[in-house]
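Numbering of ligands and ligand atoms starts at 1, following listing order.
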Amino acid sequence: MELRITLLPGDGIGTEVTEQAVAVLEAVCHNFHHSLKTATGLFGGVAIRATGDPLPPESLTLAKSAGAVLMGATGHPDFDTWPPEKRPEKGLLRLRKELAVFANLRPAICFQALESFSPLRSDIVQGTDMIIVRELTGGLYYGTPRGIKRNGEASVVNTMAYTQTEIERIARVAFNLARTRRKLVTSVDKSNVLENGQLWREVVTNLGAKEFPDVKLEHQLVDSCAMLLVTNPRRFDVLVMENMFGDILSDEASVLAGSIGMLPSASLGEHTGLYEPVHGSAPDIAGKGIANPLGAILSAAMMLRHSFGLEAEAHAVEDAVKKAIDSGIRTRDLKGTASTSEVGQAVVTALTDREPDLQRAAQRSAHG
Ligand code: IPM
Ligand code: MG
């Protein structure tokens, strides 16, 4: 099979981690006799500097024409004082909308070897394995009217809008995923205050009863869900929610796993899928070669599964990541001393089943 991928490494550590994800993709393609064709586009702050636009038309065309898009990270402190309309993040929001990737999948899994890195006690966090399904192209992020009015007393408005169709299609993704897992969907809303939540709850309930009677559905208010995520994370299987709620709760869920650097994401729609690690551009450590590449590598695994239907290949990558972690190779976020490329190489080594090499590499980068 030919895998045509567009790379948008973007800002900060995006370049470093994407490079390692590509190295792992090359290794897995070699092992399974696929061919990998990549094209790279400018994106984010670097694209603003080069062209004035965080998502230049050439990059968008490259993204739309690929089998899948692998993104690194976007954002830079230089743009912090710029208005939202002009910032690098706007490029990401436009890319999501243009690719129509309405379903954002953010797994939060606590690897056994990393339990002690979680801010939660091991007895609470161990066995955590959930996936947040975040609606990505609607809700508060995109609703109109929006904007600040400055004539007279300043005022501001944002709008949280959803249609039944939008709620149904994201809920369907969650129910279908749950069928492949522990068959529990937690739908998150704020129905005790917002009409938006009332309709959300009604539509999800009706869809569940009609199309997914075999999946258990429960509802949680977003505030108490935030609490349950840290008091009893193990109870969750698949969670589904509005865009902004998903933005907030997925950051909360991400730290459970020990480091945000570990977490992948997939954004899916009808056509080209978009894959990106959950972490940001981390300007404080950019260019130092110490960023954790595992979130990007696991995003590449999700790409193999969801965009190319290559389950065995995806599993091989995830298994190699687990082996690399178990061998003790860690970047600084996990109190290790290994570099970004050493961790990437450890995954490649584990993929090719060279256990003794992996052990040697682990000894070289002895962790603290
Ligand atoms: C995320 C990020 C983005 C978002 C930003 C960078 C626009 O926080 O992917 O969660 O808010 O969606
Ligand atoms: Mg976020």
Side-chain angles (χ1 to χ4, degrees), residues 8-15 17-18 21 43-48 53-55 59-60 63 69-108 130-143 146 158-160 162 166 170 188 222 225-226 229 239-257 259-269 273-284 286 291-292 295-296 298-299 302-303:
L8 300 176
D11 300 315
I13 60 170
T15 322
V17 298
T18 305
F43 181 65
V46 287
I48 298 181
D53 182 350
L55 179 64
S59 298
L60 181 60
V69 180
L70 184 61
M71 212 202 92
T74 175
H76 191 280
D78 284 1
F79 304 101
D80 278 358
T81 52
W82 291 33
E85 272 314 300
K86 298 217 153 76
R87 289 166 66 122
E89 288 86 345
K90 191 70 191 176
L92 177 58
L93 298 180
R94 251 175 57 217
L95 182 63
R96 289 172 177 167
K97 198 71 173 175
E98 288 279 354
L99 295 178
V101 284
F102 64 87
N104 182 217
L105 277 40
R106 298 190 164 184
M130 71 178 91
I131 182 158
I132 291 185
V133 178
R134 168 187 175 190
E135 202 291 326
L136 201 60
T137 53
L140 254 185
Y141 273 47
Y142 294 92
R146 67 183 295 161
N158 283 102
T159 301
M160 190 192 274
Y162 275 108
E166 284 175 313
I170 191 70
V188 179
V222 63
C225 186
L229 277 173
L239 298 97
V240 62
M241 64 199 76
E242 187 272 337
N243 201 346
M244 170 102 151
F245 294 166
D247 179 47
I248 298 170
L249 294 190
S250 66
D251 263 28
E252 187 188 359
S254 75
V255 293
L256 303 179
S259 165
I260 193 168
M262 297 290 304
L263 293 178
S265 83
S267 303
L268 310 174
L274 172 65
Y275 299 82
E276 46 174 314
V278 170
H279 63 70
S281 56
D284 51 326
N292 187 343
L298 290 169
S299 300
M302 291 188 90
M303 165 190 286

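- Against a heavy-atom cut-off of under 4.0 Å, Arg134 is close to the following atoms of ligand 1: 1 (C), 4 (C), 9 (O), 10 (O), 11 (O), 12 (O).
- Here the N, O or S atom of Asp247 that is nearest to the Mg ion (ligand 2) is OD1.
- With contacts defined as side-chain heavy-atom distances shorter than 4.5 Å, the pair Leu263/Leu298 does not qualify.
- With contacts defined as side-chain heavy-atom distances shorter than 4.5 Å, the pair Asn243/Leu140 does not qualify.
- Under 4.0 angstrom from ligand 1, there are no non-hydrogen atoms of His279.
- Not one N/O/S atom of Asp251, from backbone or side chain, sits under 2.8 Å from the Mg ion (ligand 2).
- Contacts with ligand 1 closer than 4.0 Å are made by side-chain heavy atoms of Arg106 only, the backbone lying farther away.
- Against a heavy-atom cut-off of under 4.0 Å, Glu89 is close to the following atoms of ligand 1: 6 (C), 7 (C).
- Rounding to the nearest 0.5 angstrom, the gap separating the CG atom in Leu136 from the OG atom in Ser267 is 5.0 Å.
- Looking at ligand 1, you'll find an N or O of Tyr141 within less than 3.5 Å of one of its N or O atoms.
- Checking Asp247 against Tyr141 by side-chain atom types alone, a donor-acceptor pair falls below 3.5 Å.
- Counting heavy atoms under 4.0 Å from ligand 1, residue Arg96 touches it through the side chain alone.
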Would Tyr142 and Arg96 count as a side chain to side chain contact (heavy atoms under 4.5 Å, CB included) here? Give the steps.
CA-CA 11 Å; Tyr142 294 92; Arg96 289 172 177 167; 3.9 Å; yes

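- Taking the side chain as every heavy atom from C-beta outward, Leu229 and Met130 approach each other to under 4.5 Å.
- Polar contact check, Asp247 against ligand 1: a nitrogen or oxygen pair lies under 3.5 Å apart.
- In this structure, Val69 and Tyr275 have side chains that are not in contact, with every pair of non-hydrogen atoms separated by 4.5 Å or more.
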